[in-house]
Amino acid sequence: MAAKIIDGNKIAEGIKAEVKNELAGLIEKYKDKKPVLVAIQAGDNPASRVYIKNQKASCEEVGIIYNLVQLDEKVSEDNLIAEIQKIGKDENVTGIILQMPLPPQINSRKIQMSIPPDKDVEGITSGNLGKLLYADTKLSVAPCTALSVIECIKSTGEKIKGKEAVMVGHSEIVGKPVTLMLLSSLMESATPTVCHIATKDLTSSTKRADILIVAVGKAGFIKGNMIKQGAIVIDVGINRIPMKDEKGNPVINEKTGKPKMKTVGDVAFDEASNVAGYITPVPGGVGAVTTVLLLKNILNLYKAHLGIAGGEYSIL
Ligand code: NAP
């Protein structure tokens, strides 16, 4: 039987409507303290230009003011940190986001850690990631992709309690925080296993997963025969691969003469759909929800700055 599709766009619409509605009420009430996101870009990377345009549009759609600070691509680490600290002290700023990639002379990790935790809209500073360790701590912000994974799982309506959850990939922004989130309420938690490059027999782990989450960055890495019948499959991967015709030849773009590309996940979708109970598509799955959770993180920080309770996640 074909798996039910977890519709990321629909989940995202619901979250966005809630955020927009709540922000509208708060902005109306606190007229002289609007939510402001400051994006910092060093240099002018064409890929981040598109990203910035979309980010600005989605912020403005829900009433968040978006200010872009553009720094020279030769900016030093010290000057970049000084700029972040200056913006961090500005009471009118709700949150700060760094546009990646940063120029090669900059240590991205060091710069990310210099964002004040109460302005860390991506939930990636050690202070905010550290809070994930404490299961009884409510979070204002958390890594958006990891939150998105949890939203996608929860959208199925299936009980998480007692399930075998297998996380493939252990990055700081996806695999590790997802695992901690799955442990955030021991009474309701799944039992997570984390697989990585040195995992000896990956299939034996993935095959027993009631919930399988994949964040590896390799197109079609998880095949249908690696999935348990009826599992919830959450595909975080975003990979660009050449399109092929029925004969397996690359499809060429007539205008550019280059192969046409398409976006796929880390899971071989067609095969997996015949085995899984639920599955996220790529595109239109985890990624769609991730984008709006940035807005939710900003809303939570805005509420915290206004001294309003309730701007926190209860993960499970
Ligand atoms: P990453 O930092 O490169 O991490 C990839 C992880 O996969 C690492 O932990 C790596 O383990 C593991 N891995 C690699 N090969 C493996 C193998 N053969 N078996 C088991 N584990 C293996 O990537 P990321 O930032 O987490 O992103 C992963 C994917 O998600 C990418 O496609 C990215 O574009 C996508 N992504 C999507 C969103 C979204 O919103 N949808 C957001 C962020 C990222 P080792 O470290 O041990 O090598």
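First listed ligand is number 1; within each ligand, the first listed atom is number 1.
- When all heavy atoms of V194 and G169 are compared, the pair lying nearest together is CG1-O, 4.1 Å.
- Grouping the Ile, Leu, Val, Met, Phe, Trp and Tyr side chains by contacts below 4.5 angstrom, directly or via other members, places I84 with V69.
- Applying side-chain contact (heavy atoms from CB on, under 4.5 Å) to T280 and the options V236, D7, I234 leaves one that passes, I234.
- The side-chain hydrogen bond (donor to acceptor under 3.5 Å, both in side chains) contacts involving residues 245-263 comprise R240-T263, where partners must be two or more places apart or lie in separate chains.
- Checked options T199, T193, V216; the residue passing with V168 is V216 (criterion: side-chain contact (heavy atoms from CB on, under 4.5 Å)).
- Shown here is Y66, whose OH atom has more than 12 heavy atoms of other residues, nucleotides or ligands within 6.0 Å.
- Ligand 1 lies under 4.0 Å from heavy atoms of T145, V168, G169, H170, S171, I173, V174, H196, I197, A215, V216, G217, K218, F221, V236, G237, I238, N239, V286, G287, T290.
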